[in-house]
Amino acid sequence: MHSEGHEGQPANEFNRNEVMDKLVALCKRRGFVFPSSEIYGGINSCWDYGPLGIELKNNIKAWWWRSMTWLRDDIEGLDAAILMHPRVWEASGHIAGFSDPMVDCKLCKQRFRADQVVEASCPRKPSVAPGTAGCPGELTEPRLFNLMFQTYLGPVEEEGARIYLRPETAQGIYVNFRNVLLPSRQKIPFGIAQIGKAFRNEISPGNFIFRSREFEQMEMQFFVKPDTAAEWFEYWREARFNWYLGLGIRPQHLRFHQHSSQELAHYARAAYDLEFHYPFGWRELEGVHNRGDFDLTQHQQCSGKDLSYFDEATRERFVPYIIETSAGVDRTLLTCLIDAYDEEPERVVLRLSPQLAPIKAAIFPLVKRDGMPEIAQRLTAMLRPQFKVFYDESGAIGRRYRRQDEIGTPYGITVDSDTLIDQTVTLRERDSMAQERVSIDRLAEKLRELLS
Ligand code: GAP
């Protein structure tokens with residue numbers, strides 16, 4: 001689960017090293033993402049999504065949901081509770097195994113992940129890694145530190161009431177395997193998809209929203225006959241790679257990393273990280289795992305409930321194998337922002353794919369007179385039920401375009417003096433800045449075509 005640590009080749013493109021700082025500033029300035037509880041100084045590694053951030057996030061989730069559940073008839077949706085019976089986490093192996101080995105410095109009392117200590121710096125002497133020559137402190141032997149957040153169910157804080165915030169959404173799917181199978185009348189192979197919050201008390205959160213302590217996952221568990229698992233694993237690996245291409249991510253920024261036997265999580269028989277080339281190196285964007293029959297067998301044993309499947313066609317009974325695709329919403333959002341960020345001499349452009357863009361079209365009167373604002377406002381009201389649009393009449397038109405380019409709005413619609421004569425408007429495309437005249441009657445249809 002925590003195998004994101006390997007470095008990639010150096011970035012060789014425009015400004016990639018500086019992109020993170022610029023994006024963090026842009027996200028704050030334009031209302032995408034800002035630190036949680038900021039007026040109190042923020043809380044480490046928790047983030048709030050502002051007006052544009054939530055639009056982008058919702059668009060990502062909707063696109064995933066659509067591709068998983070609407071466009072296929074072999075995947076069902078689910079929304080399980082975040083709080084689950086504590087025995088779920090015994091069965092899943094998270095109580096025993098969801099931990100990172102940590103070392104503590106006896107001098108400065110700082111804690112570091114044992115596998116990342118060489119990349120860290122000693123707080124007293126930042127030029128050296130903790131525990132290495134020149135570091136004044138001394139490290140303890142590695143000890144396991146569980147990453148699950150704990151709380152208590154009900155008013156009494158006693159051992160029997162201890163529960164956990166889920167560290168992955170997947171378990172909500174496994175324990176509901178039969179609850180979904182029976183009413184949906186699915187047959188194996190079939191899948192269950194879920195989007196929801198997950199929580200991990202990460203030791204080294206960081207890189208903005210890349211690794212935080214509260215985040216969202218989009219997970220799909222595909223239940224298959226054991227002897228077909230290898231085939232389905234390959235199928236989902238390819239499908240998930242292509243999904244990111246469909247979001248507009250450049251293929252040269254994506255690659256797979258296969259887990260070695262040392263890297264495999266306790267549940268996995270085989271696993272690939274789909275990695276993206278972040279400005280801070282190649283890191284996991286999504287995991288595709290062959291989990292074998294680990295999860296259903298564990299829950300069957302711990303709950304005493306039969307979770308096997310009877311195949312009518314072959315008259316066989318078996319515990320299904322599971323192929324999991326596990327993506328992070330926040331990480332996908334960061335990936336899309338990084339891949340879309342571009343600078344030209346005159347402007348910053350977020351080349352977001354139109355289906356993801358928070359605002360689909362901005363509508364401007366060229367000047368604030370001659371009835372142009374009224375026409376532009378009428379257009380805004382006409383388009384609003386179908387698209388997220390934005391009306392802006394303040395400032396020079398070039399500046400208004402640039403403000404939209406910076407947040408990725410794919411189309412600009414301008415009402416000018418010709419509109420008063422021939423009922424057409426200028427439609428400007430963000431990336432090429434090409435402009436065409438479109439009749440007001442055809443505008444909604446034209447936008448629908450462009451955005452579909
Ligand atoms: N159910 C399997 C599972 O949770 P994982 O590799 O630990 O596997 C899957 O996590 C995905 O969830 C990651 O690829 C990443 O996109 C996202 N993710 C995991 N931990 C995260 C964190 N602390 N902050 C943001 N996203 C995270």
Side-chain angles (χ1 to χ4, degrees), residues 2 4 18-61 81-84 98-100 102 104-105 107-113 116 119-124 126 130 145-157 161-169 195-218 278-280 283 328-338 341 350 358-359 403 406-407:
H2 286 268
E4 303 167 339
E18 296 166 21
V19 162
M20 283 304 286
D21 290 345
K22 290 182 173 177
L23 265 180
V24 173
L26 190 154
C27 283
K28 172 78 186 9
R29 192 174 68 248
R30 299 303 308 272
F32 279 91
V33 185
F34 19 77
S36 165
S37 326
E38 199 180 10
I39 61 168
Y40 290 99
I43 168 170
N44 193 4
S45 81
C46 296
W47 300 92
D48 294 347
Y49 288 78
L52 296 180
I54 184 62
E55 291 293 335
L56 177 54
K57 204 181 198 202
N58 282 344
N59 291 342
I60 290 171
K61 291 196 280 185
I82 289 174
L83 303 178
M84 302 182 73
F98 191 56
S99 37
D100 279 340
M102 305 296 300
D104 292 299
C105 174
L107 179 69
C108 66
K109 312 293 179 208
Q110 286 273 340
R111 183 166 280 175
F112 307 93
R113 247 171 81 169
Q116 290 180 356
E119 295 161 28
S121 62
C122 163
R124 304 246 169 135
F145 177 87
N146 198 295
L147 301 183
M148 282 196 294
F149 281 101
Q150 299 180 16
T151 185
Y152 295 91
L153 195 68
V156 185
E157 293 192 9
R162 190 206 305 263
I163 57 164
Y164 303 90
L165 300 190
R166 67 181 176 198
E168 61 174 12
T169 59
I195 300 178
K197 288 265 184 173
F199 304 83
R200 295 181 190 178
N201 202 358
E202 297 280 6
I203 310 305
S204 44
N207 286 320
F208 193 30
I209 51 175
F210 178 81
R211 189 181 291 110
S212 48
R213 294 193 168 117
E214 173 177 344
F215 56 97
E216 231 172 333
Q217 290 187 311
M218 305 180 281
Y278 294 94
F280 41 90
R283 295 284 194 287
V329 177
D330 315 77
R331 212 171 272 189
T332 304
L333 188 144
L334 177 63
T335 303
C336 292
L337 287 177
I338 292 170
Y341 185 87
L350 273 189
I359 293 171
R403 281 179 57 77
E406 192 187 45
I407 59 168

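Numbering starts at 1 and runs along the sequence shown. None of the values given here were measured: they were computed from a predicted structure.
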Please answer whether the main-chain N or O of [Y] pairs with a side-chain N or O of [X] as donor and acceptor at a distance below 3.5 Å.
X: Arg213; Y: Asn201; result: no
X: Arg200; Y: Glu168; result: no
X: Asp330; Y: Glu216; result: yes
X: Arg331; Y: Gln217; result: no

side-chain contact (heavy atoms from CB on, under 4.5 Å) between Leu333 and Lys61, worked out: CA-CA 10 Å; Leu333 188 144; Lys61 291 196 280 185; over 6 Å; no
Evaluate the criterion side-chain contact (heavy atoms from CB on, under 4.5 Å) for residue pair Arg113 and Phe145; output intermediate values, then yes/no. CA-CA 9 Å; Arg113 247 171 81 169; Phe145 177 87; over 6 Å; no
Under a 4.5 Å cut-off applied to non-hydrogen side-chain atoms, are [X] and [Y] in contact?
X: Lys57; Y: Val329; value: yes
X: Tyr49; Y: Leu56; value: no
X: Pro130; Y: Cys105; value: no
X: Val33; Y: Asp48; value: no
X: Ile203; Y: Leu147; value: yes
X: Tyr152; Y: Ile163; value: no
X: Ile407; Y: Pro358; value: no
X: Leu52; Y: Ile359; value: yes

Do Gln116 and Ser204 get their side chains close enough for a donor-acceptor pair, meaning under 3.5 Å? yes
Grab the two heavy atoms, one from Pro123 and one from Phe112, that are nearest each other, plus how far apart they are. CD-CZ, 4.1 Å
To check you understand the geometry: which heavy-atom pair defines the closest contact between Pro126 and Ser121, and what is its length? O-CB, 3.1 Å
Does Asp21 have any side-chain contact (heavy atoms from CB on, under 4.5 Å) partners at least two apart in sequence or in another chain, and if so, which? none
With ring pair (Phe, Tyr, Trp, His ring centres under 6.0 Å) as the test, pick out the partner of Trp47 among Phe208, Phe32, Phe34. Phe208
